[in-house]
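No hydrogens, no waters, no symmetry mates; every other heavy atom, side chains included, goes into these values. The shown structure was predicted, so the numbers you read here are calculated from the model rather than taken from an experiment. In what follows, every chain begins at residue 1, and chains take the letters A, B, ... in the order their sequences are listed.
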Amino acid sequence: MSGKAPSATKQEASKSPKNFIELRIDEDNKTGRFGGEVHTRFPPEPNGYLHIGHAKSICLNFGLAQKYKGKCNLRFDDTNPVTEEDEYVQSIKNDVRWLGFDWGDSEFFASDYFDQLYALAQKLIKAGKAYVDDQSADEVAAQKGTPTEPGKESPFRNRSVEENLDLFQRMRDGEFNEGSKVLRAKIDMASPNMHMRDPALYRIKKKAHHRTGDKWNIYPMYDFAHGLSDSIEGITHSICTLEFEVHRPLYEWINNQLVDHRPQQIEFARLNLSYTVMSKRKLLELVQQNHVNGWDDPRMPTISGLRRRGYTPRSIRNFAERIGVAKRDGIIDVALLEHSIREDLNKVANRVMGVLDPLKLVITNYPEGETENLTAINNPEDESAGKRELPFGREIYIDRADFMEDPPKKYFRLGPDRLVRLKYAYIVKCTGYEKDDNGNITEIHAEYYPESKSGQDTSGLKVKGTIHWVSVAHAVKAEVRQYDRLFMDEDPAGHKEKDFKEFLNPDSLEVIEKAYLEPSLLKARPGDRFQFERKGYYCVDPDFTTEKPVFNLTVTLRDSWAKIAKKG
RNA sequence: UGCCCGAUGGUGUAACUGGCAACACGUCUGAUUUUGGUUCAGAAGAGUCUAGGUUCGAGCCCUAGUCGGGCAACCA
């Protein structure tokens with residue numbers, strides 16, 4: 001009997017509603033199925049880079065282990081040497097670590113179990129539940145039947161245990177050519193579940209493996225290796241995506257035949273994000289056809305892309321928490337991802353002045369050659385971030401969008417005879433402007449009110465707008481890469497008749513060669529994140545040098561003026 | 001013509017063993033603001049795919065259907 005007040009447990013439960021997997025685990029804990037243990041695993045195949053969808057799975061698996069005080073293994077599902085490479089192993093480890101998860105010494109490889117798996121396959125053969133088939137892949141496929149018609153049994157299905165054992169060993173020893181023989185489970189060629197129609201368990205591949213070298217000529221298939229690896233590692237809940245649902249009977253069949261510890265496979269819906277694609281194949285296509293500049297292009301939904309884009313690990317974890325876990329597949333609005341990063345960066349990113357589309361403004365009544373150092377607050381959300389000095393002078397750059405020749409009444413910025421505050425500096429009044437032959441505005445003239453200085457304003461003037469600026473004399477020229485969504489369609493891969501690449505956004509990257517930033521940014525280091533006041537969050541790109549500073553747009557600030565302007 | 005899974009506001013997720021549908025994002029209003037940011041206050045928006053059934057009572061249970069997704073790699 002516990003003396004706990006029922007209200008306490010109720011309150012706890014209402015704090016964070018449980019997802020169906022947690023409910024399932026609670027049930028197993030209640031019945032003592034796994035002795036109250038919770039042991040999960042994240043099992044990537046090292047054949048590509050991790051993306052935000054994997055992040056969901058990582059957060060889920062490691063998160064479950066944390067919640068239930070269990071363990072989560074990192075296991076590389078490396079059973080196919082033709083596509084897998086060590087380079088991917090390294091990038092995956094790097095990404096998981098970056099996301100903030102620690103697998104301690106629980107780092108495994110399915111290839112570590114090849115000997116055990118081989119022995120288990122022999123055991124299956126001895127039990128009369130597996131056989132070597134001499135037919136080609138095409139022949140096997142032809143006999144498989146269709147979802148509505150049963151398959152036909154292989155003529156090699158009833159070989160003797162001895163012959164199967166001998167043949168399997170010779171497969172291992174490299175006596176046969178690739179594709180000439182395959183080890184199959186002997187289950188049921190008439191099963192309504194296609195995966196139960198004598199699935200392949202081992203195939204011959206005379207290819208060196210990134211870890212086992214040329215030791216093996218045969219490699220286990222996913223269905224054979226995965227569940228057994230789970231069992232070997234003592235996994236209790238083997239969480240995977242929905243497409244493996246139909247594999248579950250096979251997963252269970254294999255473990256039931258061969259091992260005592262039988263994990264529970266649970267499937268959940270993979271993540272889909274609007275305005276992007278998530279399949280490895282499609283992402284690879286974007287990279288190979290140079291639609292993006294590599295796997296870590298900031299427009300890619302890969303972990304490395306998001307990292308270069310300026311996303312924080314915490315924002316991604318929060319995102320994963322917020323989207324929840326269920327079996328229904330849908331499409332998450334990228335606005336939620338963007339909200340997660342804004343939420344985090346708002347609290348931690350220092351504010352800074354950056355003019356992306358420069359327009360010179362000359363303060364005609366300000367003394368020539370004079371410089372003032374003004375005090376600027378680094379982060380209004382975090383006093384401990386301190387203050388800094390900002391040089392001000394007669395000539396400054398402002399953003400072109402902050403001036404209109406003929407502004408509507410709702411526009412709060414600069415226009416002929418209008419007043420605006422230069423943030424941390426003075427209030428200025430536009431007294432005129434110059435245009436070139438094409439009618440483009442080339443320069444603004446203004447007069448400042450000396451008594452309106454920030455912090456000691458005695459002018460009594462009231463202005464509706466405050467704009468950012470950078471002193472011409474002190475400006476740091478930088479390259480700013482403005483990123484926008486990669487696709488123009490909400491579900492680019494969802495059109496049966498059209499290739500997803502038709503929806504590529506031609507304006508997903510705009511490189512601004514000459515942006516002007518405040519001088520403090522020269523001290524920035526790759527990975528640093530800032531808020532360019534009134535514009536958005538930016539991070540320092542790895543390409544950054546003090547000779548040529550480079551910044552990436554992570555996400556723009558919310559912009560209610562854009563909404564007003566849009567409405568007209 | 002088979003098997004498996006799913007269906008709750010615009011989007012995603014909730015609703016303890018049935019008890020008058022909640023949270024987040026988004027949208028809209030207003031306040032504050034030396035960021036048209038943030039913050040704060042508030043609003044609109046679903047009656048839970050359909051039809052039956054069980055029940056005092058159904059989003060939750062049962063039946064049938066509809067719609068959506070998945071399954072026939074020697075890929076994972």
Side-chain angles (χ1 to χ4, degrees), chain A residues 9-10 13-14 16-19 23 43-45 47 77-80 82-84 133 135-138 140-141 144-151 178-184 191-197 199-205 218-219 221-223 225-226 240-249 267 269 274 280 322-333 335-340 342-343 346-347 351 377 380-381 410-413 420-425 427 454-455 457 463-468 490 531-536 556-565:
Chain A
T9 45
K10 203 174 184 179
S14 66
S16 59
K18 297 195 171 186
N19 61 49
L23 257 20
E45 183 190 13
N47 70 343
D77 222 337
D78 56 350
T79 57
N80 185 2
V82 319
T83 56
E84 298 155 2
D133 197 328
Q135 301 180 105
S136 69
D138 287 345
V140 171
K144 207 106 197 184
T146 70
T148 53
E149 300 163 45
E178 280 187 23
S180 65
K181 284 187 169 43
V182 65
L183 181 73
R184 290 224 266 167
S191 171
N193 183 336
M194 298 296 289
H195 296 279
M196 299 298 269
R197 320 242 267 223
L201 265 24
Y202 264 91
R203 74 291 215 194
I204 299 170
K205 277 194 192 296
I218 56 172
Y219 293 92
M221 297 288 291
Y222 166 86
D223 286 307
H226 202 91
C240 59
T241 45
L242 252 29
E243 67 268 29
F244 291 100
E245 208 152 26
V246 284
H247 291 243
R248 189 171 358 110
E267 312 83 13
S274 62
K280 272 187 196 173
R322 254 188 281 255
I323 60 178
V325 183
K327 296 195 71 162
R328 162 170 48 153
D329 53 357
I331 300 177
I332 305 277
D333 193 339
L336 190 55
L337 215 210
E338 294 176 344
H339 169 261
S340 298
R342 285 193 188 104
E343 175 189 50
N346 174 52
K347 286 180 291 192
R351 273 59 169 174
I377 293 164
E381 305 292 318
K410 284 181 178 172
Y411 185 82
F412 300 156
R413 288 108 92 163
V420 80
R421 160 142 247 136
L422 297 174
K423 182 140 185 157
Y424 297 128
I427 290 174
S454 247
D457 185 352
V463 293
K464 276 197 200 144
T466 298
I467 64 172
H468 58 102
E490 236 183 64
Q531 181 196 108
F532 286 7
E533 293 257 8
R534 304 206 305 130
K535 302 308 283 184
T556 60
L557 252 30
R558 289 182 65 197
D559 186 355
S560 52
W561 164 246
K563 285 175 196 163
I564 296 167

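Taking atom P in both A15(B) and G9(B), one finds a spacing of 16 Å when rounded to whole Å. Spacing between G6(B) and G59(B) at atom C1', rounded to whole Å, works out to 15 Å. Nucleotides C62(B) and C23(B) are separated by 29 Å at their P atoms, to the nearest Å. To the nearest whole angstrom, the two P atoms, one in C5(B) and one in C75(B), are 28 Å apart. The separation of C60(B) from C74(B), taken at their C1' atoms, amounts to 45 Å, rounded to a whole angstrom.
Here T79(A) lies in heavy-atom contact (under 4.0 Å) with sugar-phosphate atoms only. Across all strands shown, A326(A) has heavy atoms under 4.0 Å from sugar-phosphate atoms exclusively, and none from any base. Looking at heavy-atom distances under 4.0 Å, V140(A) makes no contact with the nucleic acid at all. Across all strands, D133(A) comes closer than 4.0 Å to no nucleic acid atom at all (heavy-atom distances). Among the heavy atoms of the strands lying under 4.0 Å from D77(A) are primed sugar atoms or P, OP1, OP2 only; no base atom is included. Residue H195(A) is in sugar-phosphate contact alone, with no base atom involved, counting any heavy-atom pair closer than 4.0 Å across all strands shown. G179(A) comes within 4.0 angstrom of a base, heavy atoms only. When heavy atoms are screened at a 4.0 angstrom cut-off, Q135(A) is found touching base atoms of the nucleic acid.
Among the nucleotides C71(B), A24(B), A76(B), the one closest to any side-chain atom of E84(A) is A76(B). Closest to the side chain of T148(A), from the set C71(B), U1(B), G6(B), is U1(B). Out of C75(B), C71(B), A72(B), the shortest distance to the side chain of T146(A) is found at A72(B).
Residues meeting the side chain to side chain donor-acceptor pair (under 3.5 Å) test with E84(A), sequence neighbours left out: none. Residues that satisfy the side chain to side chain donor-acceptor pair (under 3.5 Å) test with R351(A), not counting sequence neighbours, are N346(A), N379(A). Residues satisfying the salt bridge (Lys or Arg N to Asp or Glu O under 4.0 Å) criterion with E533(A), sequence neighbours excluded, are K423(A). Judged as a ring-ring contact (aromatic ring centres under 6.0 Å, His included), and not counting sequence neighbours, the contacts of Y222(A) are H226(A), F244(A). Looking at residues two or more places apart in sequence or on another chain, you find a side chain to side chain donor-acceptor pair (under 3.5 Å) between Q135(A) and D133(A), Q143(A), S154(A). By the side chain to side chain contact (heavy atoms under 4.5 Å, CB included) test, T146(A) is found to be paired with T148(A), E149(A), residues two or more places apart in sequence or in another chain being considered. Under the rule for a side chain to side chain donor-acceptor pair (under 3.5 Å), the partners of E343(A) that lie at least two apart in sequence or sit in another chain are R322(A). Partners of H339(A) under the ring-ring contact (aromatic ring centres under 6.0 Å, His included) rule, at least two apart in sequence or in another chain, do not exist in this structure.
Between Y424(A) and I377(A), some side-chain heavy-atom pair lies under the 4.5 Å cut-off. E267(A) places none of its side-chain heavy atoms less than 4.5 Å from the side chain of V246(A). Side chains of L337(A) and I332(A) form no contact here, defined as non-hydrogen atoms less than 4.5 Å apart.
Base orientation for G47(B): syn, the chi torsion being within 90° of 0.
Summarising the geometry, atom CG belonging to D333(A) is positioned 4.5 Å from atom OG belonging to S274(A); distances are rounded to the nearest 0.5 Å. To the nearest 0.5 Å, atom CG of residue D329(A) and atom CG of residue L242(A) are 6.0 Å apart. Note that CD of Q531(A) is 11.0 Å distant from OG1 of T556(A), once rounded to the nearest 0.5 Å.
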How would nucleotides 26-36 of chain B be written as a contact map, 5' to 3', with B for base contact, S for sugar-phosphate-only contact and - for no contact, using protein heavy atoms under 4.0 Å? -SSS----BBB
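Scanning RNA chain B for stems, defined as runs of 3 or more consecutive Watson-Crick or G-U wobble pairs whose donor-acceptor distances all fall under 3.5 Å, gives the following ranges: B:2-7 with B:66-71, B:10-13 with B:22-25, B:27-31 with B:39-43, B:49-53 with B:61-65.
The phosphate of A76(B) (OP1 or OP2) has a side-chain N or O of R203(A) nearer than 4.0 angstrom.
Counting to the nearest Å, the C1' atom of G37(B) and the CD atom of E343(A) are 14 Å from each other.
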Identify all pairs in which a protein N or O lies below 3.5 Å from an N or O of nucleotides 65-70 of chain B, and state each distance.
unit_1 : atom_1 : unit_2  : atom_2 : d
G69(B) : O2'    : D329(A) : OD2    : 3.4

Considering only nitrogen or oxygen atoms on both sides, find all protein atoms under 3.5 Å from nucleotides 60-64 of chain B and state each distance.
none

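Using cut-offs of 30° and 60° for the angle between ring planes, the Y411(A) and W561(A) rings count as perpendicular.
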